[in-house]
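Taking it in order: structure first as structure tokens, then the write-up.
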Amino acid sequence: MAAAQRIVIENCAIATVDADDTEYASGHVVLAGNRIESVGAGKAPEGLENVVRRIDASGHLVTPGLINTHHHFYQWITRGLATDHNLFDWLVALYPVWARIDEPMARAAAQGSLAMMARGGVTTAMDHHYVFPQGSGDLSGAIIGAARDMGVRFTLARGSMDRSEKDGGLPPDFAVETLDGALAATEETVRQHHDSSFDAMTQVAVAPCSPFSVSTELMRDGAQLARRLGVRLHTHGSETVEEEKFCHELFGMGPTDYFESTGWLGEDVWMAHCVHMNDSDIAAFARTRTGVAHCPSSNARLAAGIARVPDMLAAGVPVGLGVDGTASNESGELHTELRNALLINRLGAHKEAALNARQALRLGTYGGAQVLGRAAETGSLEPGKLADLVLWKLDTLAHASIADPVTALVFGAAAPVTASFVDGRQIVEDGRLLTADEDAIARSTRDEARRLARIAAQG
């Protein structure tokens with residue numbers, strides 16, 4: 001780091017989200033290249049060489065960048081539809097539309113999803129993309145390219161479906177892949193795009209969609225493929241009571257037992273939602289260190305229920321936050337999920353003791369890094385970790401009268417992002433992207449949404 005260019009950030013409150021939840025009322029962070037060099041109280045050390053920029057961050061809270069652990073980018077161009085449906089009815093309504101997406105649509109939708117998250121403090125994003133209509137082009141390449149251009153650290157969960165309507169599933173027949181085709185395409189995506197290095201900007205996970213859209217063979221073979229390639233595994237799990245009923249009827253067991261029978265519990269696995277989990281399910285996740293992507297707004301939008309996050313955390317289950325697809329969370333933002341996770345969980349059995357502000361912030365940062373398998377690299381502000389961090393402006397009308405900055409961030413209105421750094425590179429300034437034209441993205445997503453609506457209407 002001696003020869004690296006340095007950025008010095010001073011005079012800010014800092015929440016490191018390290019193992020001890022270390023915080024500084026007024027401190028500094030020094031970035032050297034793409035790493036955090038030092039974090040501490042007071043001014044930065046004297047005599048630093050190659051300082052190319054000094055930021056007076058008075059009135060700000062500095063935190064690790066937010067980490068999104070579950071999303072479906074393509075849904076950006078189907079927002080605002082089926083707004084009064086539960087999950088299964090919502091899927092039935094939207095699958096015929098989603099089955100018409102193509103590469104330009106996927107690229108525009110990824111740009112819209114990434115832009116909304118990045119300008120709101122997300123530095124590591126993920127996308128669970130599982131709809132690959134025949135002849136739709138290179139959807140994975142389009143999505144990965146959008147993340148690369150945006151400058152966001154990214155995990156593509158390369159999804160798949162092989163259980164269509166003719167097999168008792170929900171997707172149209174032409175929107176699913178064959179078993180062998182899905183496995184081959186997933187392996188090719190991993191080999192082409194996955195980077196296992198410490199400072200990787202792109203990683204790939206193996207991600208069959210869900211028990212009710214995927215055969216048991218694809219689940220089992222997908223798990224074996226992921227472990228042979230050394231990548232992580234992701235799917236939907238225990239999202240609704242209808243899913244639990246489906247698993248019992250089709251497999252003779254509940255979702256968690258089914259996942260375990262197919263090799264889908266383990267420290268290299270994370271599941272989206274996990275709303276309907278009993279004590280035995282939570283114990284199995286804790287025993288195997290299986291992670292959970294908690295999506296509070298989407299769970300509420302689809303009336304799925306309240307996940308038992310406090311019980312999961314108490315048991316030692318890794319839990320992060322997810323936006324989920326923007327057809328079930330139209331805001332598309334993760335920083336609002338800090339507040340929603342805290343508030344919605346207080347409606348559950350634990351009441352006001354469910355979560356506090358610092359636990360919510362940990363879910364959105366270090367918890368997400370754990371779930372994505374990147375806790376050694378990011379998720380907290382510590383020397384040697386990657387320079388992924390956010391400066392939240394808390395001295396305006398919206399927050400200035402709240403004394404505690406972490407409480408202001410979580411309980412208050414969505415805080416403005418003055419600066420967001422990924423890999424030591426600034427990608428947001430004063431709430432605007434530096435790496436993309438937001439107005440151009442807005443136009444392209446509107447145009448592609450209208451084009452998709454026309455094509456779907458024509459059948």
Side-chain angles (χ1 to χ4, degrees), residues 66-80 94 97-133 136-160 175 185-186 189-190 192-195 200-205 207 209 234 272 293 295 298 322-334 372 420 422 427-428 433-453 455:
L66 300 183
I67 296 174
N68 179 41
T69 63
H70 185 65
H71 210 312
H72 307 295
F73 289 176
Y74 72 89
Q75 293 180 13
W76 188 265
I77 56 174
T78 60
R79 294 192 295 166
L94 290 176
V97 181
W98 296 337
R100 307 292 179 174
I101 64 169
D102 58 23
E103 187 175 331
M105 293 175 191
R107 181 180 297 106
Q111 290 172 333
S113 296
L114 286 160
M116 200 67 189
M117 285 188 292
R119 67 201 293 271
V122 168
T123 56
T124 298
M126 72 79 67
D127 181 32
H128 185 192
H129 187 88
Y130 53 83
V131 182
F132 291 90
S136 56
D138 183 10
L139 305 188
S140 294
I143 296 163
I144 289 171
R148 181 184 59 243
D149 294 345
M150 198 75 63
V152 173
R153 209 174 297 282
F154 182 59
T155 294
L156 175 68
R158 203 290 180 182
S160 53
T186 300
T189 303
V190 173
Q192 185 174 351
H193 295 291
H194 180 72
D195 181 358
M201 292 296 291
T202 303
Q203 296 197 333
V204 179
C209 181
H234 180 59
C295 306
S298 177
V323 172
D324 202 10
T326 46
S328 64
N329 179 4
E330 275 75 4
S331 75
E333 298 175 305
L334 191 68
L372 295 184
S420 182
V422 181
I427 65 167
V428 175
L433 290 168
L434 297 176
T435 54
D437 184 335
E438 295 178 28
D439 296 330
I441 292 173
R443 289 192 296 272
S444 68
T445 56
R446 178 195 60 208
D447 292 345
E448 292 300 333
R450 290 175 176 175
R451 184 166 71 89
L452 176 58
I455 292 171

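Hydrogens, waters and symmetry mates are skipped; everything else that's a heavy atom, side chains included, is used. Nothing fancy with the numbering, it's 1 onward along the sequence.
- Sorted by first and then second residue, the salt bridge (charged side-chain N to carboxylate O under 4.0 Å, His left out) pairs involving residues 66-80 (not counting sequence neighbours) form an empty list.
- Between atom CD1 of residue Ile67 and atom CZ of residue Arg153 there is a gap of 9.0 Å, rounded to the nearest 0.5 Å.
- Ser136 places no side-chain N or O within 3.5 Å of a backbone atom of Phe132 that could act as its donor or acceptor partner.
- Of all heavy-atom pairs spanning Ser298 and Ser328, the tightest one is OG-OG, 2.8 Å.
- Listed by first and then second residue, the salt bridge (charged side-chain N to carboxylate O under 4.0 Å, His left out) pairs involving residues 322-333 are Arg301-Glu330 (not counting sequence neighbours).
- A donor-acceptor pair is defined here as one N or O able to donate and one able to accept, closer than 3.5 Å; no such pair exists between the side chain of His193 and the backbone of Asp195.
- Sorted pairs that involve residues 140-149 and meet side chain to side chain donor-acceptor pair (under 3.5 Å), not counting sequence neighbours, are lacking altogether.
- Taking CG of Leu156 as the start and OG1 of Thr202 as the end, the distance is 9.0 Å to the nearest 0.5 Å.
- When the ring pair (Phe, Tyr, Trp, His ring centres under 6.0 Å) test is applied to Tyr130, the partners found at least two apart in sequence or on another chain are His72, Tyr74, His128.
- Side chains of Val428 and Leu433 form a contact here, defined as non-hydrogen atoms less than 4.5 Å apart.
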In a table with atom names and distances, give each donor-acceptor pair under 3.5 Å that connects a side chain of residues 106-113 to protein atoms at least two apart or in another chain.
unit_1 : atom_1 : unit_2 : atom_2 : d
Arg107 : NH2    : Glu103 : OE2    : 3.0
Ser113 : OG     : Phe73  : O      : 3.2
Ser113 : OG     : Ala109 : O      : 3.1

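- Qualifying side chain to side chain donor-acceptor pair (under 3.5 Å) partners for Ser331, counting only residues two or more places apart in sequence or in other chains: Asn329.
- By the side chain to side chain donor-acceptor pair (under 3.5 Å) test, His71 is found to be paired with no residue, residues two or more places apart in sequence or in another chain being considered.
- Residues Pro104 and Arg451 are in side-chain contact: their nearest non-hydrogen atoms beyond the backbone lie under 4.5 Å apart.
- Under the side-chain contact (heavy atoms from CB on, under 4.5 Å) criterion, Ala449 pairs with Ile77, not counting sequence neighbours.
- When all heavy atoms of Ala157 and His234 are compared, the pair lying nearest together is CB-CD2, 4.1 Å.
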Donor-acceptor pairs are to be reported for all side-chain atoms of residues 117-126 against protein atoms at under 3.5 Å, with residues two or more places apart or in another chain.
unit_1 : atom_1 : unit_2 : atom_2 : d
Arg119 : NE     : Glu438 : OE1    : 3.2

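- Residue Leu114 holds its CG atom at 8.5 Å from CD1 of Ile441, rounded to the nearest 0.5 Å.
- For the atom pair CE of Met105 and CG of Leu452, the computed distance is 4.5 Å after rounding to the nearest 0.5 Å.
- Here CD1 of Ile101 is found 9.0 Å from OG1 of Thr78. Values are rounded to the nearest 0.5 Å.
- Looking at residues two or more places apart in sequence or on another chain, you find no side chain to side chain donor-acceptor pair (under 3.5 Å) involving Trp76.
- In terms of the side chain to side chain donor-acceptor pair (under 3.5 Å) criterion, Asp447 has no residue partners (sequence neighbours excluded).
- The CG atom of Leu334 sits 5.0 Å away from atom CG of Asn68, with the distance rounded to the nearest 0.5 Å.
- Remark: side-chain polar atoms of Gln203 are not paired, donor with acceptor, to backbone N or O of His194 under 3.5 angstrom.
- In this structure, the side-chain contact (heavy atoms from CB on, under 4.5 Å) partners of Arg443, at least two apart in sequence or on a different chain, are Asp439, Ala440, Arg446.
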